[in-house]
Chemist: 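Provided herewith is a single structure, encoded as structure tokens, for subsequent inquiry.
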Number of protein chains: 2
Amino acid sequence: MTESTRESTRDRLVSAAYDLFDERGYDATTVEAVAERAGVGRTTFFRAFRSKDDVVLPDHAAVLARVAARLDAVAATAPPAAVATGVVEAAHLVLAHYLAEGDRARARYRLTRTVPALRQREVAGLQAYQRLFREFFRGRVGDGEAGEVRAEVLAAGVVTAHNHVLRRWLRTEEVGSSETTAALDRALADVLRLFAPAPGGGARVVVLEADGDVDDVVREVRAALEP
Amino acid sequence: MTESTRESTRDRLVSAAYDLFDERGYDATTVEAVAERAGVGRTTFFRAFRSKDDVVLPDHAAVLARVAARLDAVAATAPPAAVATGVVEAAHLVLAHYLAEGDRARARYRLTRTVPALRQREVAGLQAYQRLFREFFRGRVGDGEAGEVRAEVLAAGVVTAHNHVLRRWLRTEEVGSSETTAALDRALADVLRLFAPAPGGGARVVVLEADGDVDDVVREVRAALEP
DNA sequence: GCCGTCATGGTACGCAGTACCGATGACCGA
DNA sequence: TCGGTCATCGGTACTGCGTACCATGACGGC
């Protein structure tokens, strides 16, 4: 059988699975029932998907690979601005995929909310993204043990912020895509700013908010830096 | 009563499981074999543990409850210093549990590294901690949508930093407990400092590193704050 | 037309997890 | 001491996921 028809059976299996999960629920739906509705045998299902829950997240690997490719495109010596751009654009890749999916993404969200096995599966998927970003940040946010921790924490922050915005979109139906994109940018900027290296290179200072007097802030900085 | 029956059935099952997992591997060990070595029936195993992988993380729920209790002890109006202390002490509870476990914790680490199902289970456990810290930080690190994101990102940072230090201890055998405790404090301070509100209340400034001249830093702060 | 090659589907099996039920034994009041 | 009650245990049977194996048929090269 050719490649195109193999893909179509895969798609038919996904559609059949989502339909049945919606009708009877995840646990009450057997793999055999999904295969039967898709018009294939049970064996074919397990050839297309490694497990029953794999059919719920069919293109996780593909999106992950696209994110990895976008991050790989950033040179090791890239300046901070290019690093930030790479992160933001990688995040946009994921968001764009969800926005394109539309209703199916929302159906999956409902499933992962209610079925513990699928929730675990989804969290494991997030972990894969986090590992990607951790490797990406390694060496870019400091050296030594502190740098390692910072890279991992930053990666967790990026993934968490993205996931937060994504969940917000999935939860509420009236939020537009442009609004969601803007919210993602804001959230990512909030996270990335925390770890932004200072232009001078000697010290790293982050100003989160500046409602008070500037002199107070300066005094505070001096107190923190001078022994 | 003999020595073996004085130990609770649950503990006997855990020991039998870890022994067999070490001898034959996780997948090659059946629940029936574990129950048989523990001297009980298969039904009793499933009465003590909800699933096969539950026996690998037997006191996850207990440690989680202790952490929750420690965080609950922090008043909603507690000052930032008390908030930070609560977080650090809660993290120390988890670390202390691992240090007390010793070899079993290392055996579990090896298992979670090699068996995919157990790795998924472990990250799901981390998610539970993260949810706890998220609720704890909610309302303490800002209001509105930005505050929500920040609470979740901060929770992810705390859990990630803790997990990083913990994994480092699990990986290398020569690291002492006091050294690990110090590393945990450092890592948590690094994370918490990012979100620490300024004492003055008007501005928030974070000094991550200060290798350069103090005047340079001050100039930088002024440049960032003054429009 | 004949023969590899590969996707398919069917069969059988192991094992996790659940439901049910009878047996055992501890505890307690009479 | 006896009998009743109740909880815990172990055994049995069942569903369903996931895997291994094998026969079949379609396709393409020779």
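Naming: A, B, ... by sequence-line order, numbering from 1 per chain. Note that the structure is a prediction, hence the values are computed from the model and not measured.
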Chemist: I need the residues from residues 17-25 of chain A with at least one non-hydrogen atom less than 4.0 Å from DNA chain C; give them sorted by number, or say none.
Modeler: none
Chemist: With A:Val34, which of A:Val40, A:Val14, A:Val55, A:Thr29 fulfils side-chain contact (heavy atoms from CB on, under 4.5 Å)?
Modeler: A:Thr29
Chemist: Going through the checks in order, is the side chain to side chain contact (heavy atoms under 4.5 Å, CB included) test met by A:Val63 and A:Tyr129?
Modeler: CA-CA 10 Å; A:Val63 179; A:Tyr129 284 106; 3.2 Å; yes
Chemist: Looking at side-chain heavy atoms only, is the closest gap between A:Arg110 and A:Arg113 below 4.5 Å?
Modeler: no
Chemist: Give the ring-plane orientation class for A:Phe136 versus A:Phe133, where under 30° counts as parallel, over 60° as perpendicular and anything between as tilted.
Modeler: perpendicular
Chemist: Answer whether the closest heavy-atom distance between the side chains of A:Glu145 and B:His164 falls below 4.5 Å.
Modeler: yes
Chemist: Please determine whether a side-chain nitrogen of the Lys or Arg among A:Arg119 and A:Glu122 lies less than 4.0 Å from a carboxylate oxygen of the Asp or Glu.
Modeler: no
Chemist: Rounded to whole Å, please give me the gap between CZ in B:Arg121 and C1' in C:dG17.
Modeler: 13 Å
Chemist: Could you give the CG-to-C1' distance, from A:Leu13 to C:dA7, as a whole number of Å?
Modeler: 14 Å
Chemist: Measure CZ/A:Arg47 against P/C:dC6 and give the value in whole Å, please.
Modeler: 13 Å
Chemist: Could I get the full list of side-chain contact (heavy atoms from CB on, under 4.5 Å) partners for B:Ala105, not counting sequence neighbours?
Modeler: B:Tyr98, B:Glu101, B:Arg108, B:Trp169, B:Leu170
Chemist: Could you encode protein contacts along nucleotides 15-20 of chain D as a string, one character per nucleotide from 5' to 3', using B for base contact, S for sugar-phosphate-only contact and - for no contact, with a heavy-atom cut-off of under 4.0 Å?
Modeler: -SBBB-
Chemist: Can you confirm whether B:Glu36 is buried at CD, in the sense that more than 12 heavy atoms of other residues, nucleotides or ligands lie under 6.0 Å from that atom?
Modeler: no
